[in-house]
Enquirer: 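I have a structure here, written as structure tokens, and I will follow up with some questions on it.
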Amino acid sequence: MAEERRGSWFGFGFCGFGQAPGSGRGRQVLSPEPLQTPGSGADVRRVSASWSYTALVTRGGQVRLSGAARGAAGGCRDAWASEALLVVLRAGPGRGAGPELQAWAPASAMRGEPLWARALGPEAEAEGAARGEPPAGALPLLPLLPGARAYVSPRPPFCRALAPELRARRLELGAEHALLLDEAGQVFSWGQGRHGQLGHGSLEAEPEPRLLEALQGLPVAEVAAGGWHSVCVSETGDIYIWGWNESGQLALPSRSLAEDTKTIPREASGLNEDGSEVRRTAKGEDGAPAPFIAIQPFPALLDLPLGADVVKASCGSRHTAVVTGTGELYTWGWGKYGQLGHKDTTSLDRPCRVEYFVDKQLQVRAVSCGPWNTYVYAVEKEGS
């Protein structure tokens, strides 16, 4: 088996609290920069970003914090950052003991005692051994717990059980909703739905996981939850997207983006045949009503330029990033802090390739979005 090529992590977007990739030049980084970390950036295996701080998990089992929360701790396998909690998965206290889940106040720098801790048992240890050492850039397991029978929430109750029949493979949390991908490639969603982020065709909340019927029969490989929008990637590389489109994060025409470039006349609103909320200006450039999609409550198929297939996806609060099968990165949505990586603060309602990685002869392998920033793992192209 060929040895995995070592790569590096890059970051761009909001760094107002000095978090990576902060380079001391202000509140934002407009183009990808190598992560500024103590030690080699290639040592970082996983990245989890909240609004005010970022957690980096290294190959050696350290969690390093940068931004409003700072500090480091060893013996860690995974970390999940939120404003309310920093959750880490650590090795058990003794031989034969299972891993321990710990929740810390981010400002504690992981010193003293955690807010709460939970022993996961030897079976979780066995599961971790069966998984083996994940490659750099692999998605974190958290907030799904080992064994896939529960997940961590930033709000009480902090540990929430999942129905045994769900058999979760991946779980993602948005600002007010959750997405679950099961072992059969089916997607479930629950939580608040007022922005259409659940994908069930309405704006109603769902208290329990509900199968996303619009995607039933389509094997899904990846899911990602933004602030109030959702993305999934099929096993064949198609991308489906739904929810709130206020900043163009669905890659559908956005009124707020149009207002940035010209004055929008008084509007009327209605519904498309698929249930999406449409706002139309009195006149578009050709004299016909111009549609803007505010909310898309059903999954919509999105085509990337040149028909590129997608293998990875991640969502920020109001932006979206995907990785193609050829290792290119596309971003769109809200760009105020440079989180799209296009050397400016422009927001986009269409996918746009991040040229930095093309120019540097780098293949993108993974992407992880914070609310207002983006982190990317890339390797040198073969033969470059």
Side-chain angles (χ1 to χ4, degrees), residues 4 7 45-48 78 80 127 130-132 134-146 148 151 162 165-174 177-190 197-200 209-226 229-243 249-251 296 298-316 319-332 351 363-369 374-379:
E4 172 72 15
R45 179 171 296 282
R46 291 172 173 166
V47 177
S48 179
D78 201 1
W80 180 68
E127 179 185 325
R131 288 173 178 265
L139 288 171
L141 173 67
L142 295 172
L144 186 66
L145 299 187
Y151 67 99
L162 290 168
E165 62 269 19
L166 286 176
R167 301 188 63 80
R169 188 166 96 206
R170 177 78 189 149
L171 189 139
E172 287 270 319
L173 295 180
H177 74 296
L179 296 177
L180 183 147
L181 176 64
D182 76 2
E183 291 181 351
Q186 297 184 113
V187 179
F188 296 76
S189 65
W190 67 100
Q197 64 264 51
L198 300 185
H200 300 303
R210 177 181 170 186
L211 177 66
L212 199 54
E213 295 178 2
L215 298 177
Q216 196 167 6
L218 177 75
V220 171
E222 296 271 338
V223 293
H229 71 293
S230 303
V231 173
C232 75
V233 180
S234 74
E235 289 185 354
T236 56
D238 292 325
I239 182 170
Y240 294 82
I241 194 163
W242 63 95
Q249 59 264 51
L250 303 188
Q296 173 68 36
F298 282 109
L301 177 64
L302 172 63
D303 291 323
L304 289 187
L306 305 178
D309 292 335
V310 174
V311 294
K312 303 286 184 183
S314 186
C315 300
H319 74 287
T320 306
V322 300
V323 180
T324 69
T326 56
E328 295 181 328
L329 178 71
Y330 284 82
T331 61
W332 62 92
Q363 282 187 321
V364 176
R365 292 289 181 84
V367 61
S368 178
C369 293
T374 306
Y375 296 89
V376 172
Y377 182 74
V379 300

Enquirer: Looking only at atom types and distance, does a side-chain atom of Tyr240 sit under 3.5 Å from a main-chain N or O of Leu302, one as donor and one as acceptor?
Expert: no
Enquirer: Any side-chain heavy-atom pair from Pro209 and Leu166 closer than 4.5 angstrom?
Expert: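 In contact.
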Enquirer: Side chains of Leu181 and Glu222: does their closest heavy-atom pair fall under 4.5 Å?
Expert: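 Result no, sub-4.5 Å side-chain heavy-atom pair not found.
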Enquirer: Go through the steps for Asp309 and Thr236 under the test side chain to side chain contact (heavy atoms under 4.5 Å, CB included), then give the verdict.
Expert: CA-CA 8 Å; Asp309 292 335; Thr236 56; over 6 Å; no
Enquirer: I'd like to check Thr320 versus Ile241 (side-chain heavy atoms, cut-off strictly below 4.5 Å). Are they in contact?
Expert: yes
Enquirer: Find the distance between CG (Leu218) and SG (Cys232) and round it off to the nearest 0.5 Å.
Expert: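 Leu218 CG to Cys232 SG: 6.5 Å, rounded to 0.5 Å.
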Enquirer: Of Leu212, Val231, Leu198, Leu250, which meets side chain to side chain contact (heavy atoms under 4.5 Å, CB included) against Trp242?
Expert: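 Of all the options given, the one that passes is Leu212.
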Enquirer: When you measure from the side chain of Ser230 to the backbone of Gln197, do you find a donor-acceptor pair of N or O atoms at a distance under 3.5 Å?
Expert: yes
Enquirer: Report the C-alpha separation of Leu329 and Val376 in whole Å, then their side-chain angles, then the decisive distance to 0.1 Å, and conclude whether the side chain to side chain contact (heavy atoms under 4.5 Å, CB included) test is met.
Expert: CA-CA 9 Å; Leu329 178 71; Val376 172; 3.7 Å; yes
Enquirer: What verdict does the side chain to side chain contact (heavy atoms under 4.5 Å, CB included) test give for Leu180 and Val187, after you've listed the backbone C-alpha separation in whole Å, the side-chain angles of each residue and the deciding distance to 0.1 Å?
Expert: CA-CA 6 Å; Leu180 183 147; Val187 179; over 6 Å; no
Enquirer: Verify, without hydrogens or angle tests, whether Trp80 (side chain) and Leu142 (backbone) share a donor-acceptor contact under 3.5 angstrom.
Expert: no
Enquirer: Between Val379, Val323, Val311, which is the residue that forms a side chain to side chain contact (heavy atoms under 4.5 Å, CB included) with Arg365?
Expert: Val379
Enquirer: To the nearest 0.5 Å, how far apart are OG1 in Thr326 and CD in Gln363?
Expert: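 Between atom OG1 of Thr326 and atom CD of Gln363 there are 7.5 Å.
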Enquirer: Please determine whether a side-chain nitrogen of the Lys or Arg among Glu183 and Arg169 lies less than 4.0 Å from a carboxylate oxygen of the Asp or Glu.
Expert: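 Salt bridge flag = no for Arg169 with Glu183.
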Enquirer: Could you check Leu179, Leu145, Leu162 and say which one makes a side chain to side chain contact (heavy atoms under 4.5 Å, CB included) with Leu171?
Expert: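 Exactly one pass, corresponding to Leu162.
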Enquirer: Is there a side chain to side chain donor-acceptor pair (under 3.5 Å) between His319 and Thr374 once you walk through the steps?
Expert: CA-CA 9 Å; His319 74 287; Thr374 306; 2.9 Å; yes
Enquirer: What heavy-atom pair brings Trp332 and Tyr330 nearest, and what distance separates the two atoms?
Expert: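 For Trp332 and Tyr330, the tightest heavy-atom pair comes out as CZ3-O, 4.0 Å.
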Enquirer: Using a 3.5 Å distance criterion without hydrogens, assess whether the side chain of Ser368 forms a donor-acceptor pair with backbone atoms of Val47.
Expert: yes
Enquirer: What pair of heavy atoms forms the shortest contact from Cys315 to His229, and how long is it?
Expert: SG-NE2, 3.6 Å
Enquirer: May I ask you to check whether over 12 heavy atoms, not counting those of Leu301, lie within 6.0 Å of atom CG?
Expert: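 Yes, because the 6.0 Å sphere around CG of Leu301 holds more than 12 heavy atoms from other groups.
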Enquirer: Could you walk me through whether His200 and Glu213 pass side chain to side chain contact (heavy atoms under 4.5 Å, CB included), step by step?
Expert: CA-CA 7 Å; His200 300 303; Glu213 295 178 2; over 6 Å; no
Enquirer: Closest heavy-atom contact between Ala313 and Ala224?
Expert: O-CB, 3.7 Å
Enquirer: Would you say that Ile239 contacts Val322 through its side chain, given a criterion of any heavy-atom pair below 4.5 Å between the two side chains?
Expert: yes
Enquirer: Show the nearest heavy-atom pair for residues Gly199 and Pro299, with the distance to one decimal.
Expert: O-CD, 3.6 Å
Enquirer: Would you say the side-chain atoms of Asp182 pair up with the backbone N or O of Gln186, donor to acceptor, closer than 3.5 Å?
Expert: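 Yes, Asp182 side chain to Gln186 backbone: donor-acceptor pair under 3.5 Å.
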Enquirer: Does a donor on one side chain sit under 3.5 Å from an acceptor on the other, for Ser189 and His177?
Expert: no
Enquirer: Kindly say whether Leu141 contributes a backbone atom to a donor-acceptor pair with the side chain of Asp78 at under 3.5 angstrom?
Expert: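 Between the backbone of Leu141 and the side chain of Asp78 there is a qualifying donor-acceptor contact (under 3.5 Å).
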Enquirer: Between the side chains of Glu172 and Arg170, is the shortest nitrogen-to-carboxylate-oxygen separation below 4.0 Å, so that they form an ion pair?
Expert: yes
Enquirer: Which atom names give the shortest non-hydrogen contact between Pro351 and Ala251, and what distance separates them?
Expert: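 Of all heavy-atom pairs spanning Pro351 and Ala251, the closest is CD-CB, 3.8 Å.
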